[in-house]
There are 2 protein chains.
Amino acid sequence: MSATISRLKPAASVSKSVDFSNLDFDNCPVRDLLNHIGGKWSTLLMQALAEKPYRFGELRRMVPDISQRMLTQTLRDLQRDGYIHREVFPTKPPSVEYSMTPLGQALYRPLLEVINWALDNHDAVKEARQRFDAEV
Amino acid sequence: MSATISRLKPAASVSKSVDFSNLDFDNCPVRDLLNHIGGKWSTLLMQALAEKPYRFGELRRMVPDISQRMLTQTLRDLQRDGYIHREVFPTKPPSVEYSMTPLGQALYRPLLEVINWALDNHDAVKEARQRFDAEV
DNA sequence: CCGTATCCGGCTTGATACTG
DNA sequence: CAGTATCAAGCCGGATACGG
């Protein structure tokens with residue numbers, strides 16, 4: 001592992017520095033985070049919970065093609081990273097409500113920028129793909 | 001597949017609408033995009049190329065633990081989606097330069113917000129994990 | 001120098017069945 | 001209702017060898 005490129009270039013760069021020397025998932029925050037929210041269901045659930053809290057079964061119905069196993073696991077991962085809060089109400093039968101934490105809301109702000117970009121530019125990407133596939 | 005939640009809520013929401021009815025990767029721009037940049041190497045290469053164009057071998061040296069196979073494949077995927085441009089110089093032996101396209105630069109702007117958030121909040125996430133793991 | 005082809009192990013995901 | 005347990009399938013990513 002070696003080499004570092006500066007993000008604090010003289011001119012137009014706004015960012016900090018990209019360190020290419022410690023790229024393990026544990027040491028690289030970016031890869032660590034993107035590896036999680038890049039999962040198959042994470043962002044979808046973040047979008048749902050960004051609006052308002054939901055219960056397990058509600059989420060299950062909102063995302064019909066998710067398996068119970070993956071819903072549980074994804075929610076647990078998001079909870080573990082501190083993005084969502086899990087509250088058990090001792091009703092009978094018990095109900096569990098999931099809601100965004102302040103940290104999750106903070107993450108959702110920049111994440112929403114990417115989401116909106118994706119929505120706005122999906123056609124451009126699809127066209128690029130068609131061009132690429134055509135010439136090969 | 002069913003259900004749609006509005007992103008145009010009366011109050012503080014800035015966004016469009018999250019459609020939970022068509023969630024196939026082909027139809028859902030967000031999942032489509034995040035599925036790609038969530039890959040193991042994509043964001044890393046985007047960060048490198050956001051700074052300036054690089055040649056294949058340079059990228060290989062910058063990210064020492066990437067295999068040649070994955071470097072080729074990731075670059076191909078990014079090129080296919082229209083984020084980066086691939087230019088072959090008929091030198092001897094041939095050299096290939098990769099550079100960001102306008103589309104790639106456009107994507108990198110919101111992506112950088114997420115990257116910076118990750119850098120700023122990695123400690124908070126790690127603490128949340130420790131708390132979670134401790135109580136279980 | 002810049003790739004492709006092939007093989008293969010492991011993690012992620014899904015289906016199904018079962019519990020408090 | 002809200003999970004857990006178990007097992008099997010599939011894709012991702014890595015190692016290696018070869019080609020233009």
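All figures in this text were calculated on a predicted structure; none of them were measured in a lab. Sequence lines set the chain letters: A, B, ... in the order given, protein chains first and strands last, and positions in each chain run from 1.
Straight-line distance from the CG atom of Asn35(B) to the P atom of dT13(C): 10 Å, rounded to whole Å. Remark: C1' of dC11(C) and NE2 of His36(A) are 14 Å apart, rounded to the nearest angstrom. In this entry the distance linking CG of Leu75(B) with C1' of dT4(C) reads 15 Å, nearest Å. Rounded to whole Å, atom C1' of dC2(C) lies 15 Å from atom CD of Glu87(B). Counting to the nearest Å, the C1' atom of dG3(C) and the CD atom of Glu58(B) are 16 Å from each other.
If you find the closest nucleotide of DNA chain D to Gln68(A) and to Pro94(B), the one lying nearer the 5' end belongs to Gln68(A). The nearest heavy atom of DNA chain C to Pro93(A) and to Glu97(B) marks one nucleotide each, and the one closer to the 5' end goes with Glu97(B).
In summary, contact between chain A and DNA chain D, defined as any nucleotide atom under 4.0 Å from a heavy atom of the protein, begins and ends at dC1(D) to dT6(D) in the 5' to 3' direction.
Among the protein residues, Arg60(B) comes within range of no part of the nucleic acid, since none of its heavy atoms lies under 4.0 Å from any strand. If you check every strand for non-hydrogen atoms under 4.0 Å, Phe89(B) touches nothing. Looking at heavy-atom distances under 4.0 Å, Lys40(B) makes contact with sugar-phosphate atoms alone, never a base.
Evaluation of the side-chain hydrogen bond (donor to acceptor under 3.5 Å, both in side chains) rule for Glu87(B) yields His85(B) as partners, not counting sequence neighbours. Contacts of Asn121(A) classified as side-chain hydrogen bond (donor to acceptor under 3.5 Å, both in side chains), with partners at least two apart in sequence or in another chain: Trp117(A). Listed by chain and number, the residues in a side-chain hydrogen bond (donor to acceptor under 3.5 Å, both in side chains) with Arg86(B) are Tyr98(B) (sequence neighbours excluded).
Classification of Asp65(B) and Arg60(B) as a salt-bridged pair fails, no side-chain N sitting under 4.0 Å from a carboxylate O. Salt-bridge check for Arg129(A) with Asp32(B): passed, with a basic side-chain N closer than 4.0 Å to an acidic carboxylate O.
In the helix from dC1(C)-dG20(D) to dG20(C)-dC1(D), the end axes, each obtained as the rotation axis mapping the C1' atoms of four pairs onto the next four within a five-pair block, lie 50° apart to the nearest 10 degrees.
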Give every pair of a protein N or O atom and an N or O atom of nucleotides 6-10 of chain C that lie under 3.5 Å apart, one pair per line with the distance.
| from | atom 1 | to | atom 2 | distance (Å) |
| --- | --- | --- | --- | --- |
| dT6(C) | O4 | Arg69(B) | NE | 3.3 |

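An OP1 or OP2 oxygen of dG14(C) is reached within less than 4.0 angstrom by a side-chain nitrogen or oxygen of Trp41(A).
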